[in-house]
Amino acid sequence: MHIEVMGQYEIVLEAFRNLSNTSWMPFVTIYRGRSASYQSICVMQRQRVDGGVPAMSREQAIEAARNYAAQRIARGNL
């Protein structure tokens, strides 16, 4: 699990192996504010990111989740 900050958002990036153990599945959760603070708000519940191409490594899955979160934040539809 990776936690990163993008502007006013805190992003939790996760990757898990799929059941067939051949690729990795990326997941992302987005908070407005800091998750450790009492004023943080979860603006996007943990969800799987569909990148189209399966991630062959944990790093690729984390990067796919990071890109997805950055796109969502840039569009402002949270």
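Here the structure is a predicted model, which is why all the values come from computation and not from measurement.
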Glu63 side chain vs Glu59 backbone, donor-acceptor pair below 3.5 Å: no

Mark yes or no for whether Asn67, through its side chain, and Gln71, through its backbone, hold a donor-acceptor pair below 3.5 Å. no

Is the Tyr31 to Tyr9 ring centre distance short of 6.0 Å?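 When the ring centroids of Tyr31 and Tyr9 are compared, they turn out to be at least 6.0 Å apart.
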
Any Met44 side-chain heavy atom under 4.5 Å of Arg72 side chain: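 Side chain of Met44 against side chain of Arg72, heavy atoms only: contact under 4.5 Å found.
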
Hey, are the side chains of Ile11 and Val28 touching, using non-hydrogen atoms and a 4.5 Å cut-off?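 SC-SC contact between Ile11 and Val28 confirmed.
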
Mind checking whether [X] and [Y] sit in one hydrophobic cluster, side chains of I, L, V, M, F, W, Y counted as touching below 4.5 Å?
X: Tyr68; Y: Trp24; value: no
X: Met56; Y: Leu13; value: no
X: Ile62; Y: Val53; value: no
X: Ile41; Y: Ile30; value: yes

Identify the two heavy atoms, one from [X] and one from [Y], that lie closest to each other, and give their separation to 0.1 Å.
X: Met25; Y: Arg17; value: CE-O, 3.7 Å
X: Ala61; Y: Pro26; value: O-CB, 3.0 Å
X: Met1; Y: Arg58; value: N-NH2, 2.9 Å

How many angstroms lie between atom CD of Glu4 and atom CZ of Arg66, to the nearest 0.5 angstrom?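 The distance works out to 4.0 Å.
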
State plainly whether the residues Arg46 and Glu14 are in salt-bridge range, i.e. N to O under 4.0 Å. yes

